[in-house]
2 protein chains.
Amino acid sequence: MSLAAYYGDFTVAAASENLTASQGKTLNVLRRGPASMSALATTLTCDASNMTGIIDRLEKRGLVRREPRPSDRRVKNVVLTAEGERVIDVIRGKMHTTQAGLNRLDEQERDTLYTLLERAFVPQDAAARP
Amino acid sequence: MSLAAYYGDFTVAAASENLTASQGKTLNVLRRGPASMSALATTLTCDASNMTGIIDRLEKRGLVRREPRPSDRRVKNVVLTAEGERVIDVIRGKMHTTQAGLNRLDEQERDTLYTLLERAFVPQDAAARP
DNA sequence: GCCATTGCTTGATGTTCTCAAGCATCGATG
DNA sequence: CATCGATGCTTGAGAACATCAAGCAATGGC
(Lines give C-alpha, C1' and ligand atoms only; values in the text may rest on other atoms or scores of the structure.)
Protein backbone atom coordinates (compact mmCIF):
# COMPACT_ATOMS: atom_id res chain seq x y z
CA MET A 1 0.00 0.00 0.00
CA SER A 2 1.17 3.43 -0.89
CA LEU A 3 1.43 5.01 2.50
CA ALA A 4 3.26 2.05 3.95
CA ALA A 5 5.95 2.60 1.33
CA TYR A 6 6.52 6.08 2.68
CA TYR A 7 6.84 4.88 6.26
CA GLY A 8 9.00 1.91 5.44
CA ASP A 9 11.35 4.27 3.71
CA PHE A 10 11.34 6.64 6.65
CA THR A 11 12.09 3.80 9.04
CA VAL A 12 15.08 2.69 6.98
CA ALA A 13 16.41 6.24 6.72
CA ALA A 14 16.00 6.81 10.45
CA ALA A 15 17.69 3.51 11.25
CA SER A 16 20.72 4.55 9.20
CA GLU A 17 21.22 7.36 11.71
CA ASN A 18 20.68 4.93 14.60
CA LEU A 19 17.24 6.27 15.38
CA THR A 20 14.03 4.32 15.79
CA ALA A 21 10.97 5.24 13.74
CA SER A 22 9.37 6.95 16.73
CA GLN A 23 12.45 9.01 17.39
CA GLY A 24 12.62 9.99 13.73
CA LYS A 25 8.97 10.97 13.63
CA THR A 26 9.44 13.04 16.76
CA LEU A 27 12.38 14.95 15.29
CA ASN A 28 10.38 15.42 12.11
CA VAL A 29 7.52 17.03 14.02
CA LEU A 30 9.94 19.28 15.89
CA ARG A 31 11.28 20.57 12.58
CA ARG A 32 8.20 22.80 12.51
CA GLY A 33 9.21 24.38 15.81
CA PRO A 34 9.25 23.74 19.57
CA ALA A 35 6.36 21.85 21.14
CA SER A 36 5.29 20.78 24.60
CA MET A 37 5.31 17.14 25.63
CA SER A 38 1.54 16.86 25.43
CA ALA A 39 1.42 18.56 22.03
CA LEU A 40 3.92 16.01 20.73
CA ALA A 41 1.89 13.19 22.22
CA THR A 42 -1.24 14.47 20.52
CA THR A 43 0.45 14.89 17.15
CA LEU A 44 1.99 11.42 17.31
CA THR A 45 -1.20 9.93 18.77
CA CYS A 46 0.41 8.34 21.78
CA ASP A 47 0.31 8.65 25.53
CA ALA A 48 2.15 11.53 27.20
CA SER A 49 4.05 9.08 29.38
CA ASN A 50 5.33 7.57 26.19
CA MET A 51 6.88 10.83 25.04
CA THR A 52 8.82 11.11 28.29
CA GLY A 53 10.92 8.08 27.39
CA ILE A 54 11.37 9.05 23.76
CA ILE A 55 12.45 12.59 24.63
CA ASP A 56 14.70 11.22 27.40
CA ARG A 57 16.62 9.18 24.86
CA LEU A 58 16.77 11.95 22.26
CA GLU A 59 17.97 14.39 24.90
CA LYS A 60 20.64 11.99 26.12
CA ARG A 61 22.00 12.03 22.56
CA GLY A 62 21.91 15.79 22.32
CA LEU A 63 19.37 15.97 19.52
CA VAL A 64 16.76 17.73 21.58
CA ARG A 65 16.53 19.98 24.63
CA ARG A 66 13.87 20.46 27.30
CA GLU A 67 13.26 24.11 28.15
CA PRO A 68 10.92 25.44 30.80
CA ARG A 69 8.14 27.68 29.57
CA PRO A 70 8.16 30.80 31.76
CA SER A 71 4.46 31.47 31.36
CA ASP A 72 3.54 28.03 32.74
CA ARG A 73 6.09 26.18 34.78
CA ARG A 74 4.35 22.86 34.35
CA VAL A 75 5.16 22.84 30.65
CA LYS A 76 8.41 21.60 29.14
CA ASN A 77 9.10 22.98 25.69
CA VAL A 78 11.02 20.53 23.56
CA VAL A 79 13.42 22.15 21.10
CA LEU A 80 15.62 20.72 18.35
CA THR A 81 19.33 21.29 18.91
CA ALA A 82 21.59 22.18 15.99
CA GLU A 83 22.72 18.55 15.93
CA GLY A 84 19.10 17.40 15.94
CA GLU A 85 18.36 19.63 12.97
CA ARG A 86 21.33 18.22 11.13
CA VAL A 87 20.26 14.64 11.78
CA ILE A 88 16.66 15.05 10.66
CA ASP A 89 17.84 16.80 7.49
CA VAL A 90 20.14 13.88 6.73
CA ILE A 91 17.29 11.43 7.27
CA ARG A 92 14.96 13.30 5.00
CA GLY A 93 17.66 13.43 2.38
CA LYS A 94 18.09 9.67 2.54
CA MET A 95 14.51 8.82 1.68
CA HIS A 96 15.44 7.57 -1.75
CA THR A 97 12.31 5.62 -2.52
CA THR A 98 10.00 8.45 -1.70
CA GLN A 99 12.15 10.94 -3.56
CA ALA A 100 12.35 8.66 -6.55
CA GLY A 101 8.60 8.12 -6.38
CA LEU A 102 7.85 11.79 -6.28
CA ASN A 103 10.30 12.42 -9.09
CA ARG A 104 8.17 10.17 -11.23
CA LEU A 105 5.58 12.94 -11.18
CA ASP A 106 6.00 16.27 -12.90
CA GLU A 107 5.79 19.49 -10.99
CA GLN A 108 2.14 20.11 -11.66
CA GLU A 109 1.19 16.59 -10.60
CA ARG A 110 3.14 16.96 -7.37
CA ASP A 111 1.26 20.16 -6.65
CA THR A 112 -2.04 18.40 -7.26
CA LEU A 113 -1.04 15.52 -5.00
CA TYR A 114 -0.04 17.82 -2.15
CA THR A 115 -3.20 19.87 -2.49
CA LEU A 116 -5.45 16.82 -2.41
CA LEU A 117 -3.62 15.23 0.53
CA GLU A 118 -3.80 18.50 2.38
CA ARG A 119 -7.52 18.85 1.82
CA ALA A 120 -8.20 15.23 2.69
CA PHE A 121 -6.08 14.77 5.77
CA VAL A 122 -5.08 18.09 7.30
CA PRO A 123 -8.02 20.10 8.58
CA GLN A 124 -6.19 22.16 11.19
CA ASP A 125 -2.56 22.29 10.32
CA ALA A 126 -0.27 23.51 7.61
CA ALA A 127 0.67 20.81 5.14
CA ALA A 128 4.01 19.11 5.50
CA ARG A 129 5.73 18.16 2.29
CA PRO A 130 6.99 14.59 2.19
CA MET B 1 1.78 15.75 8.18
CA SER B 2 -0.84 14.15 6.05
CA LEU B 3 0.28 10.56 6.13
CA ALA B 4 0.61 10.59 9.91
CA ALA B 5 -3.10 11.43 10.09
CA TYR B 6 -3.88 8.26 8.21
CA TYR B 7 -1.80 6.10 10.51
CA GLY B 8 -2.95 7.78 13.70
CA ASP B 9 -6.46 7.03 12.66
CA PHE B 10 -5.60 3.42 11.87
CA THR B 11 -3.91 3.02 15.24
CA VAL B 12 -6.98 4.29 17.07
CA ALA B 13 -9.31 2.05 15.09
CA ALA B 14 -7.11 -0.99 15.69
CA ALA B 15 -6.88 -0.22 19.41
CA SER B 16 -10.68 -0.20 19.64
CA GLU B 17 -10.55 -3.86 18.67
CA ASN B 18 -7.75 -4.50 21.16
CA LEU B 19 -5.14 -4.79 18.47
CA THR B 20 -1.82 -2.98 18.24
CA ALA B 21 -0.93 -1.02 15.13
CA SER B 22 1.42 -3.77 13.95
CA GLN B 23 -1.24 -6.42 14.39
CA GLY B 24 -3.73 -4.24 12.50
CA LYS B 25 -1.32 -3.61 9.65
CA THR B 26 -0.63 -7.32 9.42
CA LEU B 27 -4.31 -8.21 9.15
CA ASN B 28 -4.70 -5.45 6.59
CA VAL B 29 -1.98 -6.95 4.41
CA LEU B 30 -3.52 -10.41 4.71
CA ARG B 31 -6.81 -9.07 3.36
CA ARG B 32 -5.19 -9.36 -0.07
CA GLY B 33 -4.68 -13.07 0.45
CA PRO B 34 -2.42 -15.56 2.25
CA ALA B 35 1.26 -14.80 2.54
CA SER B 36 4.37 -16.47 3.90
CA MET B 37 6.08 -15.16 7.01
CA SER B 38 8.94 -13.70 5.00
CA ALA B 39 6.60 -12.05 2.50
CA LEU B 40 4.82 -10.37 5.38
CA ALA B 41 8.12 -9.26 6.87
CA THR B 42 9.16 -7.76 3.55
CA THR B 43 5.87 -5.94 3.05
CA LEU B 44 5.91 -4.54 6.56
CA THR B 45 9.67 -3.82 6.37
CA CYS B 46 10.58 -5.67 9.52
CA ASP B 47 12.64 -8.67 10.55
CA ALA B 48 11.24 -12.16 9.99
CA SER B 49 11.78 -12.98 13.66
CA ASN B 50 9.51 -10.08 14.40
CA MET B 51 6.63 -11.56 12.42
CA THR B 52 6.88 -14.77 14.41
CA GLY B 53 5.77 -13.00 17.58
CA ILE B 54 3.08 -10.93 15.89
CA ILE B 55 1.58 -13.95 14.14
CA ASP B 56 1.88 -15.96 17.36
CA ARG B 57 -0.36 -13.47 19.15
CA LEU B 58 -2.82 -13.12 16.27
CA GLU B 59 -3.05 -16.89 16.01
CA LYS B 60 -3.63 -17.26 19.74
CA ARG B 61 -6.67 -15.01 19.28
CA GLY B 62 -7.96 -16.97 16.33
CA LEU B 63 -7.64 -14.16 13.80
CA VAL B 64 -5.07 -15.95 11.69
CA ARG B 65 -3.94 -19.47 10.91
CA ARG B 66 -0.58 -20.95 9.93
CA GLU B 67 -0.83 -23.53 7.17
CA PRO B 68 2.01 -25.59 5.75
CA ARG B 69 2.73 -25.13 2.06
CA PRO B 70 2.93 -28.59 0.52
CA SER B 71 5.33 -27.58 -2.22
CA ASP B 72 7.88 -26.32 0.32
CA ARG B 73 7.68 -27.54 3.86
CA ARG B 74 9.85 -24.74 5.20
CA VAL B 75 7.17 -22.18 4.36
CA LYS B 76 4.25 -21.33 6.63
CA ASN B 77 1.35 -19.73 4.80
CA VAL B 78 -0.51 -17.28 6.99
CA VAL B 79 -4.25 -17.09 6.30
CA LEU B 80 -6.99 -14.85 7.69
CA THR B 81 -9.70 -16.75 9.57
CA ALA B 82 -13.34 -15.72 9.21
CA GLU B 83 -13.03 -13.94 12.55
CA GLY B 84 -9.89 -12.18 11.35
CA GLU B 85 -11.70 -10.99 8.26
CA ARG B 86 -14.54 -9.68 10.37
CA VAL B 87 -12.17 -7.79 12.67
CA ILE B 88 -10.18 -6.08 9.94
CA ASP B 89 -13.41 -5.03 8.23
CA VAL B 90 -14.65 -3.47 11.47
CA ILE B 91 -11.37 -1.62 11.88
CA ARG B 92 -11.43 -0.25 8.37
CA GLY B 93 -15.00 0.85 8.90
CA LYS B 94 -14.02 2.75 12.01
CA MET B 95 -11.48 4.95 10.32
CA HIS B 96 -13.71 7.97 10.55
CA THR B 97 -11.10 10.65 10.04
CA THR B 98 -9.75 9.13 6.89
CA GLN B 99 -13.22 8.47 5.54
CA ALA B 100 -14.32 12.00 6.36
CA GLY B 101 -11.15 13.35 4.78
CA LEU B 102 -11.67 11.43 1.59
CA ASN B 103 -15.30 12.47 1.50
CA ARG B 104 -14.13 16.04 1.37
CA LEU B 105 -12.95 15.26 -2.15
CA ASP B 106 -15.29 14.63 -5.02
CA GLU B 107 -15.10 11.43 -6.99
CA GLN B 108 -12.85 12.75 -9.70
CA GLU B 109 -10.43 14.20 -7.17
CA ARG B 110 -10.29 10.88 -5.33
CA ASP B 111 -9.44 9.15 -8.59
CA THR B 112 -6.69 11.65 -9.25
CA LEU B 113 -5.31 11.17 -5.75
CA TYR B 114 -5.25 7.39 -6.04
CA THR B 115 -3.64 7.54 -9.45
CA LEU B 116 -0.90 9.86 -8.32
CA LEU B 117 -0.20 7.89 -5.14
CA GLU B 118 -0.06 4.73 -7.14
CA ARG B 119 2.38 6.15 -9.66
CA ALA B 120 4.55 7.72 -6.99
CA PHE B 121 4.78 4.95 -4.43
CA VAL B 122 3.77 1.61 -5.91
CA PRO B 123 6.06 0.42 -8.64
CA GLN B 124 5.47 -3.32 -8.26
CA ASP B 125 2.10 -3.83 -6.69
CA ALA B 126 -1.54 -3.13 -7.28
CA ALA B 127 -2.72 0.02 -5.59
CA ALA B 128 -4.41 -0.28 -2.22
CA ARG B 129 -7.28 2.06 -1.57
CA PRO B 130 -7.22 3.72 1.86
C1' DG C 1 -6.95 29.37 50.77
C1' DC C 2 -9.37 25.39 48.52
C1' DC C 3 -9.85 22.31 44.84
C1' DA C 4 -10.57 20.45 40.35
C1' DT C 5 -7.73 20.49 36.27
C1' DT C 6 -3.63 20.25 33.61
C1' DG C 7 1.32 18.84 32.37
C1' DC C 8 4.67 15.81 33.14
C1' DT C 9 6.97 11.80 35.28
C1' DT C 10 7.33 7.10 37.36
C1' DG C 11 6.51 2.13 37.65
C1' DA C 12 4.44 -2.15 36.05
C1' DT C 13 3.28 -5.06 32.20
C1' DG C 14 2.95 -6.48 27.59
C1' DT C 15 4.35 -5.70 22.64
C1' DT C 16 7.56 -4.55 19.18
C1' DC C 17 11.98 -4.56 17.19
C1' DT C 18 16.75 -6.02 16.09
C1' DC C 19 20.50 -9.07 16.25
C1' DA C 20 22.81 -13.51 16.65
C1' DA C 21 22.19 -18.29 16.74
C1' DG C 22 19.84 -22.45 15.67
C1' DC C 23 17.11 -26.17 13.16
C1' DA C 24 14.84 -28.00 9.10
C1' DT C 25 14.26 -28.07 4.29
C1' DC C 26 15.47 -27.23 -0.33
C1' DG C 27 18.27 -27.19 -4.63
C1' DA C 28 22.31 -27.60 -6.87
C1' DT C 29 26.75 -29.70 -7.53
C1' DG C 30 30.11 -33.18 -7.25
C1' DC D 1 23.40 -40.37 -3.77
C1' DA D 2 25.86 -37.26 -0.32
C1' DT D 3 27.23 -32.95 0.75
C1' DC D 4 26.78 -28.15 1.21
C1' DG D 5 25.35 -23.49 0.66
C1' DA D 6 21.06 -20.97 0.68
C1' DT D 7 16.45 -20.23 2.34
C1' DG D 8 12.34 -20.06 5.78
C1' DC D 9 11.21 -19.88 10.17
C1' DT D 10 11.90 -19.90 15.23
C1' DT D 11 14.23 -18.85 19.70
C1' DG D 12 16.52 -15.97 23.10
C1' DA D 13 18.59 -11.69 24.76
C1' DG D 14 18.34 -6.78 25.22
C1' DA D 15 16.51 -2.28 24.06
C1' DA D 16 12.72 0.60 22.82
C1' DC D 17 7.79 1.43 22.57
C1' DA D 18 3.07 1.51 24.19
C1' DT D 19 -0.67 1.84 27.66
C1' DC D 20 -2.47 2.21 32.19
C1' DA D 21 -2.63 3.66 36.97
C1' DA D 22 -0.66 6.54 40.32
C1' DG D 23 1.79 10.49 41.81
C1' DC D 24 3.62 15.39 42.21
C1' DA D 25 3.77 20.28 40.94
C1' DA D 26 1.76 24.21 39.00
C1' DT D 27 -2.41 26.63 37.45
C1' DG D 28 -6.79 29.02 37.54
C1' DG D 29 -11.43 29.65 39.19
C1' DC D 30 -14.09 30.00 43.22
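Here is how names work: the chains are called A, B, and so on, in the same order as the sequence lines, proteins then strands, and each is numbered from 1.
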Starting at the 5' end of nucleotides 19-28 of chain D, put B wherever the base has a protein heavy atom under 4.0 Å, S where only the sugar-phosphate does, and a dash everywhere else. BB-----BS-
Donor-acceptor pairs under 3.5 angstrom involving side-chain atoms of residues 82-91 of chain A: please list them, not counting sequence neighbours.
residue	atom	partner	partner atom	Å
E83(A)	OE1	R86(A)	NE	3.2
E83(A)	OE2	R86(A)	NH2	3.0

Contact summary for S16(A) and A13(A), nearest pair of heavy atoms: OG-O, 2.6 Å
How close or far is atom P of dT15(C) from atom CG of L19(B), stated in whole angstroms? 11 Å
Beyond-backbone contact of I55(A) with L40(A), side-chain heavy atoms, under 4.5 angstrom: yes
Send over the distance from K25(A) NZ to dC17(C) C1', rounded to a whole Å. 13 Å
Which sits closer to the 5' end of DNA chain C, S38(A) or G53(B), going by the nucleotide each is nearest to? S38(A)
Under the salt bridge (charged side-chain N to carboxylate O under 4.0 Å, His left out) test, residues paired with R69(B) that sit two or more places apart: none
Side chains of R61(A) and L19(A) in contact at under 4.5 Å (non-hydrogen atoms): yes
Distance-only donor-acceptor pairs under 3.5 Å for side chains of residues 47-54 of chain B, two or more places apart:
residue	atom	partner	partner atom	Å
D47(B)	OD2	S49(B)	N	3.0
D47(B)	OD2	S49(B)	OG	2.7

Rounded to whole Å, CD of E67(A) lies from C1' of dG7(C) at a distance of 17 Å
Taken in chain and number order and not counting sequence neighbours, the residues that satisfy side-chain hydrogen bond (donor to acceptor under 3.5 Å, both in side chains) with S22(B) are none
Checking contacts here: which listed nucleotide (dC17(D), dC17(C), dT10(D)) is nearest the side-chain heavy atoms of I54(B)? dC17(C)
Any residue in residues 57-64 of chain B with a heavy atom nearer than 4.0 angstrom to DNA chain C? Just list them by number, or reply none. R57(B)
Mind checking if T52(B) touches a base, just sugar-phosphate, or nothing, with heavy atoms under 4.0 Å? base
Any V64(B) side-chain heavy atom under 4.5 Å of V79(B) side chain: no
Counting just side-chain N and O atoms, does R66(B) come under 4.0 Å of either OP1 or OP2 of dT10(D)? yes
Under the criterion side-chain contact (heavy atoms from CB on, under 4.5 Å), I'd like the reasoning laid out for R92(A) against N28(A): C-alpha separation, chi angles, the key distance, then a yes or no. CA-CA 9 Å; R92(A) 291 170 65 85; N28(A) 202 36; 2.8 Å; yes
For M37(B) and dT25(C), give me the distance from atom CE to atom P, rounded to whole Å. 17 Å
Separation of atom CD1 in I55(B) from atom C1' in dG8(D), rounded to whole Å: 14 Å
